[in-house]
Protein chains: 2
Amino acid sequence: DISPQENYFSRETLDRLSGKRTDKAWLEAKQREPDTVYLIFSNLSPMVSTSQEDDGAAVESKLCRFRYEAVKDLLQKPATVLIFLGVEKRKNPSPSSPEEGIREAPAWFAFSTNEDAADLVKRCREKNCSFPKMPNRDLLKLNEEEAGIVAQARSVLAWHGRYSFCPTCGSSTKLEDGGHKRSCLNSECRSLKGVHNTCYPRVDPVVIMLVIHPDGNQCLLGRKKVFPAGMFSCLAGFVEPGETIEDAVRREVEEESGVKVGPVQYVSCQPWPMPSNLMFGCLAVAISTDIKVDENEIEEAQWFTRQQVIDSLFRGASPAFNIPPRQTIAHQLIRHWIGINANL
Amino acid sequence: DISPQENYFSRETLDRLSGKRTDKAWLEAKQREPDTVYLIFSNLSPMVSTSQEDDGAAVESKLCRFRYEAVKDLLQKPATVLIFLGVEKRKNPSPSSPEEGIREAPAWFAFSTNEDAADLVKRCREKNCSFPKMPNRDLLKLNEEEAGIVAQARSVLAWHGRYSFCPTCGSSTKLEDGGHKRSCLNSECRSLKGVHNTCYPRVDPVVIMLVIHPDGNQCLLGRKKVFPAGMFSCLAGFVEPGETIEDAVRREVEEESGVKVGPVQYVSCQPWPMPSNLMFGCLAVAISTDIKVDENEIEEAQWFTRQQVIDSLFRGASPAFNIPPRQTIAHQLIRHWIGINANL
Ligand SMILES: Nc1ncnc2c1ncn2[C@@H]1O[C@H](COP(=O)(O)O)[C@@H](O)[C@H]1O
Ligand SMILES: Nc1ncnc2c1ncn2[C@@H]1O[C@H](COP(=O)(O)O)[C@@H](O)[C@H]1O
Ligand SMILES: [Mg+2]
Ligand SMILES: [Mg+2]
Ligand SMILES: [Mg+2]
Ligand SMILES: [Mg+2]
Ligand SMILES: [Mg+2]
Ligand SMILES: [Mg+2]
Ligand SMILES: [Zn+2]
Ligand SMILES: [Zn+2]
């Protein structure tokens, strides 16, 4: 067996303190504290400062962090959407030192604004600041801690962007609970009687699975038309209402590849804030092997041998395919399979 | 180890044939076929016929099934929402008998209507027909196969009921894809550019966990005010955006009981169509034991010994608490823990 992997986008460095979301006075006081951190989002991208490695190839991004004084004018604008992310988890709580203990941990907020991006960037003292254009690629350049924070912030801000009207009656809604709730402004609306999911951010469960050949030594990978040339990855699909993740795995694999699946085993999950998916990574054992791809979704699907996968993972001379980057749960699932023995 | 449990609401007896949802001609032909089955929903309850056991206590429900001819007038009404559920999975596919092979499996549809419930009930030839009033209790009386079908149907119909306006622009929407999609009627709407979750049914992931005491011989159960007297169950809570199920378990347990959790292990999941939750059942190992309940959510939480749990499960003389019914994943999780050895 292999120790539990940690997936990109899944590290929790903040304590969400959900109980404080309804405490308006506490939130307002926190907003003004000097060590409170603000992240600025434009078009669902966070402002980052980018550093080029010496070889010009690898690039790292760091979130641009702002203090209250530097953004308070933006917080007043009517189009700004502000959310409370939480307070920093104390890494070394030192109850022995009372002063440390009393000082509360710094709070984090994120907000989206539609002010001019070039003007926003000028507010930052870091070098090479920008709002990256391709989240699927550019948000993978953060460090693990910041990626976890962006996962929460981007999902919730994306929800505000798409869910500003009440789906039950079509009225406008207002933001509540530190940005974790929206309530209908029509006092007659059914959504205000009882508790309804229309008021809360949406999380879309998705299954992503490595299908293992009945012989235990090959796995099924597919490619979508939009993938970079040569790249193959795990099959994936949205979980439907009234379905378990195990049945969703069986259904999606058969739909997309024609392969029938028997046992399914959950491995780990990964938040994927594009905009708000939760990917459930599974191993799935095939009970048939003929491939018939659904051409609407998949361009090609193929069984690859364990050796071909090892060559791709560890960059053999001329690998049979390119594996997705390590930040994806697909990569981690494939690596997990290589790490366990051949007979499931 | 224990063989994978099957949870109530999770049996898939229909093949959803999602590829056929966009094939209008096929769907319309299927609607009219003589062996097609229709389920009628009123107020998000399916019409069922109820049988009383001899002792008057236990009660079983069966879905009332209708043919096209018996409901075609209702299908014409503008308020009716019709969804395609799938076709029956062949239990014994007999490729040897070609006639069997050619005949397609019966299709199932469900629809909701706001016609008078008493009038609707008169359409059925079964005895004791009704639309049950308390889904949380009454939908647990179906057999496993029908429960799985209701899980899909009720979730999707509930989504149509609450999401009839476009959350992005507030316009009306129209039903598409055999009832599995809603699209905005405002041709300028952003939700029509690219693929957006606003158009698809919502599934809300929830974690539900049995927290095991560090000594391995006690588990943490809580009760909400609304529970029947004496009942204790597993803690549970909605997964938030940007969060793994494992972190959601740790966060919700600490929020609701003050207990800190270390390792978390997924066991199985259960669709819970009230209205559209997907419950992820986990075992969680506590790393602290003091209980401090969040009184907004939980009335009481308590460590129970393995023996107390066994007495409740198998109806000992005077059990320390009442366990939730076998149809709940909470019950199955507790039973699973009793079935494995004390040291996780
Ligand atoms: N929550 C959702 N968000 C986006 N697309 C969805 C969603 N649910 C279903 N879909 C549909 O699923 C397709 C992708 O297929 P798959 O990921 O294999 O299930 C999309 O193109 C949509 O048509
Ligand atoms: N999708 C959702 N549907 C309903 N309630 C939600 C949802 N997300 C968050 N909540 C809130 O979560 C509360 C229940 O707490 P819990 O189940 O412990 O997370 C509800 O009373 C709501 O305030
Ligand atoms: Mg698919
Ligand atoms: Mg799909
Ligand atoms: Mg897919
Ligand atoms: Mg809770
Ligand atoms: Mg909660
Ligand atoms: Mg709860
Ligand atoms: Zn409303
Ligand atoms: Zn719209």
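Owing to the predicted nature of the structure, the values given are computational and were not obtained by experimental measurement.
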Next item on the list: Go through the steps for A/E246 and B/C269 under the test side-chain contact (heavy atoms from CB on, under 4.5 Å), then give the verdict.
Entry: CA-CA 8 Å; A/E246 292 81 4; B/C269 66; 3.6 Å; yes

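- For A/E255, the part lying under 4.5 angstrom from a heavy atom of chain B is the side chain only.
- For chain A, the nearby parts of B/E240 are the backbone and the side chain; heavy atoms of each come within less than 4.5 Å.
- Under the rule for a ring-ring contact (aromatic ring centres under 6.0 Å, His included), B/Y200 has no partner lying at least two apart in sequence or in another chain.
- Using the six-membered ring where Trp is involved, A/Y163 and B/Y163 have ring planes that are perpendicular, over 60° apart on the 30 and 60° scheme.
- In this structure, A/Y266 has its ring center no closer than 6.0 Å to that of B/F280.
- Residue contact with chain A, scored on non-hydrogen atoms closer than 4.5 Å, is absent for B/R250.
- Heavy-atom contacts from other residues, nucleotides or ligands closer than 6.0 Å to CG of B/N143 number more than 12.
- Atom NZ of B/K260 has 12 or fewer heavy atoms from other residues, nucleotides or ligands within 6.0 Å.
- Contacts of B/R11 with chain A are absent, with no heavy-atom separation under 4.5 Å from either backbone or side chain.
- Around atom NZ of A/K292, no more than 12 heavy atoms belonging to other residues, nucleotides or ligands sit under 6.0 Å away.
- Residues B/P205 and A/V203 approach most closely at CD-O, 3.4 Å, considering heavy atoms.
- With a 4.5 Å cut-off on non-hydrogen atoms, B/D247 touches chain A through its side chain but not through its backbone.
- Separating the CZ atom in B/R162 from the SG atom in A/C199 is a distance of 10.0 Å, to the nearest 0.5 Å.
- At a 4.5 Å heavy-atom cutoff, the contact between A/L278 and chain B is made by side-chain atoms alone.
- If you measure heavy-atom distances from A/T198 to chain B, the contacts under 4.5 Å come from both the backbone and the side chain.
- Between chain A and the options B/P201, B/P271, B/P167, B/P241, the largest number of non-hydrogen pairs under 4.5 Å is found for B/P167.
- Environment of CG in B/D23: crowded, with over 12 heavy atoms of neighbouring residues, nucleotides or ligands closer than 6.0 Å.
- Contacts of B/S164 with chain A are made by both backbone and side-chain atoms, with heavy-atom separations under 4.5 Å.
- By the 4.5 Å heavy-atom criterion applied to side chains, B/E243 and A/E12 are counted as neighbours.
- For A/R190, the part lying near chain B is the side chain, with the backbone staying farther off; criterion is any non-hydrogen pair under 4.5 Å.
- The salt bridge (charged side-chain N to carboxylate O under 4.0 Å, His left out) pairs that include a residue from residues 195-205 of chain A are A/R202-A/D204, where partners are two or more places apart or lie in different chains.
- When heavy atoms are compared at a cutoff of 4.5 Å, B/P273 does not approach chain A at all.
- The two residues B/S155 and A/G242 come nearest to each other via the heavy atoms OG-N, 4.2 Å.
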